[in-house]
Amino acid sequence: MDKRTLGALEVSALGLGCMGFSPQVYGPATDVESAETINRALDLGVTLLDTADMYGMGHNEELVGRTIAGRRDEVVLATKFGITGRDGAKLVVDSSPDYARKAVDASLGRLGLDHIDLYYLHRRNPDVPIEDTMGALAELVQAGKIRHIGLSEVNAQTLRAAHEVHPVTALQIEYSLFTRLDVDVDSTCRELGIGVVPYSPVGRGMLTSTVRSLDELAEDDFRRTLPQWQPENLPRNLALADKVRAVAEDMGATPVQVALAWLLAQGKHIVPIPGTRKIPNLEENVGAVDLTLTAEQKEAIEAAVPADQVAGERYPESGMASVGH
């Protein structure tokens, strides 16, 4: 697979988001199926695996760590810290230096690794100066526990302040046809040489069109809580997804491949991390890397999903309160 660089870190052009390998995210999951999918991804040349300490309350890191134990040299392992739980619907966030030091050791233990390639601050508590958090993470780089530092869901001002303390390798952020990237964040990443890692790059499955109503989702599928998936918004958003399908059919590709190819065409510093538990879906995703879009095709894709036509926020109010700091 083609390679790209996040800052100074070389990775595959497409990564694999591992969140769905833990239960109570997108419905039931089995460790056996998940491990098979991870191994198939590595066979296909995917090198970037993305997990977090809060996915499955540690289960995800343990699963990924066991699976890659014999293939460590093929993997660029990314994990995250900072979300410590929930207070009702609200995320509890700890981005303090002391917690960063504790969290990295806990993640290394669950992963069974001696270092983490890319360590993200999952969410930022705005009451903690980003300079303090970055200072602690820079110490972890010096100690050899992590190799590169990433931030997730922060604003342009925070990116600049963090980068002055220590180079930021990557920004992970929700980015897709259904959630466009903030202009200031985009320009800041390009200026500072920070890679962009889009999560939920196919609209949390909106573009797969395998789900046409909430009734088709598992009871514990967290999309049931998301505004874009609510009955008052879902029909309008599915109509946009249908327009992408029409464009994809003209191109001889699938809507998912078109959506991923559109992201990849936004710049060589962009590395999407679609998540899936199914090997056929994984293979479909990887096919997007070889899909080169013309300028006319890019315009047609963007016209199919105008940013101002997407109905609903990407998170409920409580979730939106934790992003953009």
Side-chain angles (χ1 to χ4, degrees), residues 1 11-71 74-80 83 110-112 122 172 174-176 178 197-226 228-229 241 254-260 263 271-289 314:
M1 184 184 292
V11 298
S12 52
L14 205 69
L16 176 64
C18 298
M19 182 176 74
F21 295 148
S22 292
Q24 297 179 333
V25 179
Y26 292 115
T30 69
D31 286 1
V32 171
E33 182 182 48
S34 298
E36 290 174 347
T37 301
I38 292 171
N39 278 307
R40 179 58 179 153
L42 298 182
D43 292 341
L44 291 170
V46 174
T47 64
L48 178 62
L49 301 183
D50 183 271
T51 181
D53 59 1
M54 61 86 64
Y55 298 163
M57 303 305 291
H59 164 269
N60 209 272
E61 288 183 327
E62 292 174 351
L63 167 66
V64 172
R66 288 196 307 271
T67 304
I68 68 171
R71 308 183 69 171
E74 301 175 53
V75 175
V76 176
L77 194 285
T79 191
K80 314 177 200 70
I83 299 176
R110 285 187 292 267
L111 290 162
H122 204 166
Q172 186 169 137
E174 187 170 356
Y175 183 17
S176 72
F178 280 84
V197 179
Y199 72 86
S200 298
V202 294
R204 301 187 186 278
M206 188 77 70
L207 288 161
T208 66
S209 295
T210 56
V211 177
R212 306 296 294 189
S213 75
L214 285 183
D215 293 338
E216 299 173 52
L217 296 177
E219 288 296 327
D220 57 355
D221 191 311
F222 94 118
R223 286 174 292 183
R224 286 178 172 271
T225 70
L226 302 180
Q228 290 182 4
W229 289 79
T254 70
V256 167
Q257 289 173 334
V258 164
L260 291 172
L263 276 172
V271 179
I273 50 169
T276 181
R277 298 192 297 265
K278 306 290 186 181
I279 288 178
N281 294 345
L282 168 70
E283 294 171 343
E284 176 187 1
N285 294 344
V286 169
V289 176
R314 56 195 180 106

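Among residues two or more places apart in sequence or in another chain, the side chain to side chain contact (heavy atoms under 4.5 Å, CB included) test is passed with Ala288 by Gln257, Leu260. Annotation: salt bridge (Lys or Arg N to Asp or Glu O under 4.0 Å) contacts of Glu284 (sequence neighbours excluded): none. Legend: residues meeting salt bridge (Lys or Arg N to Asp or Glu O under 4.0 Å) with Arg40, ordered by chain and number and at least two apart, are Glu283. Remark: Ser12 pairs with Thr47 by the side-chain hydrogen bond (donor to acceptor under 3.5 Å, both in side chains) rule, at least two apart or across chains. A search for side-chain hydrogen bond (donor to acceptor under 3.5 Å, both in side chains) contacts involving Asp53 returns nothing, not counting sequence neighbours. A search for side-chain hydrogen bond (donor to acceptor under 3.5 Å, both in side chains) contacts involving Thr51 returns Asn60, not counting sequence neighbours. Considering only residues two or more places apart in sequence or on other chains, Phe178 meets the ring pair (Phe, Tyr, Trp, His ring centres under 6.0 Å) condition with none of them. For Arg66, the salt bridge (Lys or Arg N to Asp or Glu O under 4.0 Å) criterion is met by Asp31, not counting sequence neighbours. Not counting sequence neighbours, the partners of Arg224 by the side chain to side chain contact (heavy atoms under 4.5 Å, CB included) test are Leu214, Leu217, Glu219. With sequence neighbours excluded, the residues forming a side chain to side chain contact (heavy atoms under 4.5 Å, CB included) with Thr67 are Ala35, Ile38, Asn39, Leu63, listed by chain and number. Tyr175 pairs by the side-chain hydrogen bond (donor to acceptor under 3.5 Å, both in side chains) definition with nothing, not counting sequence neighbours.
A ring pair (Phe, Tyr, Trp, His ring centres under 6.0 Å) check over residues 32-53, counting only residues at least two apart or in different chains, returns nothing.
Evaluated for a side chain to side chain contact (heavy atoms under 4.5 Å, CB included) with Ser200, the options Met19, Glu174, Arg314, Met206 yield exactly one hit, Glu174.
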